[in-house]
There are 2 protein chains.
Amino acid sequence: MQSIPAEQQFGMEGDKPVAYSNIISGIVKLSKLMADGRQQIVALQFAPDLVGRPFDITNKTSIEAATDLKLCSFPRKALESLIAEAPDLEHRLHQQNLRELDDARDWLLALGRKTANERVASFIYFTALHIDPDALSKGQMIRFQFPLKRSDIADFLGLTLETVSRQITKLRQSKVIALIDNSTCEIIDLPMLRKLAEAEELPKL
Amino acid sequence: MQSIPAEQQFGMEGDKPVAYSNIISGIVKLSKLMADGRQQIVALQFAPDLVGRPFDITNKTSIEAATDLKLCSFPRKALESLIAEAPDLEHRLHQQNLRELDDARDWLLALGRKTANERVASFIYFTALHIDPDALSKGQMIRFQFPLKRSDIADFLGLTLETVSRQITKLRQSKVIALIDNSTCEIIDLPMLRKLAEAEELPKL
DNA sequence: CGTTTTCTTGACTCAGCTCAACGTACGTGG
DNA sequence: CCACGTACGTTGAGCTGAGTCAAGAAAACG
């Protein structure tokens, strides 16, 4: 069990992953960097996810604490030999990776086809869902902290921080959300937020 | 073993997957549709991938033949009980899903941060890699067919078909590629193509 | 062949980017 | 306690890359 302060990278040595970590609390961001400095956050992970790409990786992705973290880490070898023994463990990992794949594909739709406004709405909805799925499904009014600062939200949504700021202002003005302070968000009009976020064909509701 | 003509959907009944299929030959596209018709292709799958999201799915994605296909299909139940018996099968599936996750995250970077020109270059590079990884790594001149028509490439890259067409013209004019006919592409300047495609920080080369 | 679908090109528009100024919160040390 | 610096967020003005709309060219198809 260890603590990691926000903004710090971990679990890698050079560009090889050396450890797997269970998230006890806090939020982890995975990001990709281009040679000229352009950056894209490709995933956020929440407790109780396991961080660390199993098996060999060709893929350069950096792992960083988005908030202060509490982790439970294992060396790479340890987990891999555990997996070899316990098929059930691999099954659970597989399930998590499938969820991550679904998430990634949802964001592909957002980055490829949604407007700035819809992307920000999607981010807020996505965050609220991860923080308290139950409250959301009951349609209660919800208050929560943004897990990322504006520039990180921008890197997640493929926008600039200015555009993110403007769209948040717009959502505030149209009474979809309210800001208690810069990083505390309250959802006022959940149906509208959902409509903006899921401009997708709804499977059901 | 069955054949599926290009453009046809398969493997689903309503929005539930009913079968898994091994791709013998051809290319499969997975796409998401928004209520107003906006569309995003979220993955392409090549032989010998297994098509079909294992276990339960909450995620609405349609599965369609991008080219004529040869498939080997199993009913959903059959594969799931096979998995329960043979942990090795789950391991192989898991590996494939991890590759898909890596791909999806590479495209997140492309859709979030790359220009139209870089996205089209990435698509050409990606396609060539999947069709003949060896020839590419030897740096040979490569000729291949685009697996998708312009409007599908656009849906994959989060662009319009006009923009895709213009960028292909531009790559042709700058002698990075040549077109033998509309759908046959030859890579002339591989280093340049790679530079455009992987504006990423190169792990190694 | 004519018909239909796909691709290319041009002219114009606009959502989101860039650059720049300013506001606000917080910490540090004089 | 206040002055100052630093990091973060907001807002404005103007620009531009990609979208839209429209017209033709070129394949594909029966």
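Basis for what follows: all heavy atoms, side chains included, without hydrogens, waters or symmetry-related copies. Lettering follows sequence order; numbering is per chain, from 1.
- Nucleic acid contact class of B:L159 (heavy atoms, under 4.0 Å, all strands): sugar-phosphate only.
- Regarding B:K149, its NZ atom lies at a distance of 12 Å from the C1' atom of C:dT4, rounded to whole Å.
- Remark: the backbone N or O of A:D155 is paired with a side-chain donor or acceptor of A:Q40 at under 3.5 angstrom.
- For B:E162 and C:dC7, a side-chain-to-base donor-acceptor distance below 3.5 Å is absent, hydrogens and geometry of angles not being considered.
- What separates CD1 of A:I168 from C1' of D:dT11 is a distance of 14 Å, to the nearest Å.
- The aromatic rings of A:F126 and A:F46 stand perpendicular to each other, their planes meeting at an angle above 60°, with 30° marking the opposite boundary.
- The phosphate of C:dT9 (OP1 or OP2) has a side-chain N or O of B:T169 nearer than 4.0 angstrom.
- For the pair B:T115 and A:V164, both in contact range of DNA chain D, the more 5′-proximal nearest nucleotide belongs to A:V164.
- The base of D:dG19 lies outside donor-acceptor range of the side chain of B:R166, with no N or O pair under 3.5 Å.
- The line from CD1 of B:I168 to CG of B:L171 is 7.5 Å long, rounded to the nearest 0.5 Å.
- Dashed line: the shortest gap from a side-chain N or O of B:T160 to OP1 or OP2 of D:dG19 is under 4.0 Å.
- Atom CG in A:L161 sits about 11 Å away from atom P in D:dC8, given to the nearest Å.
- Between the CD atom of B:E118 and the C1' atom of D:dA18 there is a distance of 14 Å, rounded to whole Å.
- Using cut-offs of 30° and 60° for the angle between ring planes, the A:H94 and B:H94 rings count as parallel.
- Closest to the side chain of A:Q167, from the set D:dC8, C:dG16, D:dT10, is C:dG16.
- Among D:dA18, C:dT8, C:dG16, the nucleotide with an atom closest to any side-chain atom of A:A116 is C:dG16.
- Between the CD1 atom of B:I153 and the C1' atom of C:dC7 there is a distance of 11 Å, given to the nearest Å.
- For A:S165, no side-chain nitrogen or oxygen approaches OP1 or OP2 of D:dG9 to under 4.0 Å.
- One finds a side-chain N or O of A:N182 lying less than 4.0 angstrom from the OP1 or OP2 phosphate oxygen of D:dT10.
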*I would like to know whether B:Q95 and B:H91 meet side-chain hydrogen bond (donor to acceptor under 3.5 Å, both in side chains); could you show each step before the answer?*
CA-CA 6 Å; B:Q95 295 288 344; B:H91 184 70; 3.0 Å; yes
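- Both A:G158 and B:E7 lie close to DNA chain C; mapped to their nearest nucleotides by heavy-atom distance, the more 5′-ward contact belongs to B:E7.
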